[in-house]
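The structure appears right after this line, and notes come after that.
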Amino acid sequence: MCNYLLSQKTSFYSLSLMIASQNLVLVPGSLANTASSEIKFNVCGESQTWVRPSAKEQKQHLQQLSNRYSQDKINQLGGDYWKHNIFAFTTYPGGSGTFDINNFSGLWKKPNPVRRSTCDKSVVEINSGKIARVYILLHRVTKIQWQNNRYIMVVKPVGKGVQIINLPRKEKQNKLPLTVVDESGKQIALLMK
């Protein structure tokens, strides 16, 4: 059994992140060495060789689309999608939205992730709350667990690659209760749409 010395300032959220990689579940008021439930996910798109383009390449690409994007958006290199490596959706962004995500994140650069046609039929499941879609850039998902009414996604940084996954949902919240951590338990920034 693991013991943690906690101060009164240790938050439930911070403690959950500290123990995410230990397969522990935190019970309010105590610590319990109880395994959390693992979530099976479907990899819908993947490239093991994709790398994000340089800032110069990104700006040149967006400038070619200046009839679609504002100069401000071009100067930001795509904004939040350019700044994040992981983003999640609880509603399908549509064809036009997906086009923008690919352009803003750098996924336009070859080789694009190979996508399974069976995952394209998941729009209804995403919009009905049965699954969520998560894009993982320059990381690989090693596991997803359901702990304390949250999904804890553990990822491993990689120099190249992208995964697009469908995550079966255990809840019906508007905002996906997802925390992403690396294998040491350090939290990774997540863009939630």
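At a threshold of 4.5 Å between side-chain heavy atoms, the hydrophobic network of Ile, Leu, Val, Met, Phe, Trp and Tyr places F41 and I188 in one connected group. The hydrophobic clustering, which links ILVMFWY residues whose side-chain heavy atoms are closer than 4.5 Å, places L77 and L191 apart. Residues V158 and Y135 fall into different hydrophobic clusters, defined by Ile, Leu, Val, Met, Phe, Trp and Tyr side chains chained together at heavy-atom separations under 4.5 Å. There is a path of hydrophobic side-chain contacts, each under 4.5 Å, that joins V162 to F89. In terms of hydrophobic clustering, with Ile, Leu, Val, Met, Phe, Trp and Tyr side chains grouped at heavy-atom distances under 4.5 Å, V155 and V43 are assigned to a common cluster.
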Run the numbers on M153 and I136 for side-chain contact (heavy atoms from CB on, under 4.5 Å), then give the verdict. CA-CA 11 Å; M153 178 184 289; I136 304 101; 4.2 Å; yes

Give the intermediate values and the outcome of side-chain contact (heavy atoms from CB on, under 4.5 Å) for residues R140 and E46. CA-CA 10 Å; R140 274 217 148 345; E46 186 167 36; 2.3 Å; yes

Step-by-step side-chain contact (heavy atoms from CB on, under 4.5 Å) determination, I165 to I144: CA-CA 11 Å; I165 68 166; I144 302 174; 3.8 Å; yes

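Applying the salt bridge (charged side-chain N to carboxylate O under 4.0 Å, His left out) test to pairs two or more places apart or on separate chains, none has a residue in residues 88-98. Here salt bridge (charged side-chain N to carboxylate O under 4.0 Å, His left out) pairs that include residues 91-103, with residues two or more places apart or in two chains, are R68-D100. Within the structure, side chain to side chain donor-acceptor pair (under 3.5 Å) contacts touching residues 151-162 (residues at least two apart or in different chains) are Y151-E171. For residues 79-95, the side chain to side chain donor-acceptor pair (under 3.5 Å) pairs, not counting sequence neighbours, are R52-N85.
Between the side chain of Q58 and the main chain of I74, no donor-acceptor pair closer than 3.5 Å is present. With hydrogens and angles ignored, the 3.5 Å screen pairs a side-chain donor or acceptor of Q163 with a backbone N or O of V141. Under the 3.5 Å distance criterion, the side-chain polar atoms of N148 are left unmatched by any main-chain donor or acceptor of R150. Looking at H139, its side chain does come within 3.5 Å of a backbone N or O of L137 through a donor-acceptor pair. Of the possible donor and acceptor atoms, one in the side chain of T142 sits under 3.5 Å from a partner among the backbone N and O of V154.
Rounding to the nearest 0.5 Å places CH2 of W50 at 10.0 Å from CH2 of W108. Rounding to the nearest 0.5 Å places OG1 of T179 at 8.0 Å from CG of L190.
Heavy atoms only, all atoms of each residue included: G106 and P53 are closest at O-CD, 3.6 Å. Residues I164 and R133 approach most closely at CG2-CD, 3.5 Å, considering heavy atoms. Between L62 and G78, the closest heavy-atom pair is CD1-N, 3.7 Å. For the residue pair P93 and I101, the shortest heavy atom distance occurs at CG-CD1, 3.8 Å. The nearest pair of heavy atoms linking L176 to A132 is CD2-CB, 3.8 Å. The minimum heavy-atom distance linking M192 with L178 is given by the pair CE-CB, 4.2 Å.
Among residues two or more places apart in sequence or in another chain, the side-chain hydrogen bond (donor to acceptor under 3.5 Å, both in side chains) test is passed with S54 by E57. With sequence neighbours left out, Q173 forms a side-chain hydrogen bond (donor to acceptor under 3.5 Å, both in side chains) with no residue at all. Applying the side-chain contact (heavy atoms from CB on, under 4.5 Å) criterion to S128, with sequence neighbours excluded, gives K130. The side-chain contact (heavy atoms from CB on, under 4.5 Å) search around D72 returns S70, Q76, not counting sequence neighbours.
Geometric assessment of K73 against the ring of F104 yields a positive cation-pi assignment under the 6.0 Å and 45° thresholds.
Heavy-atom contacts from other residues, nucleotides or ligands closer than 6.0 Å to NZ of K172 number more than 12.
Counting heavy atoms from C-beta outward, I152 and S36 have side chains that stay 4.5 Å or more apart.
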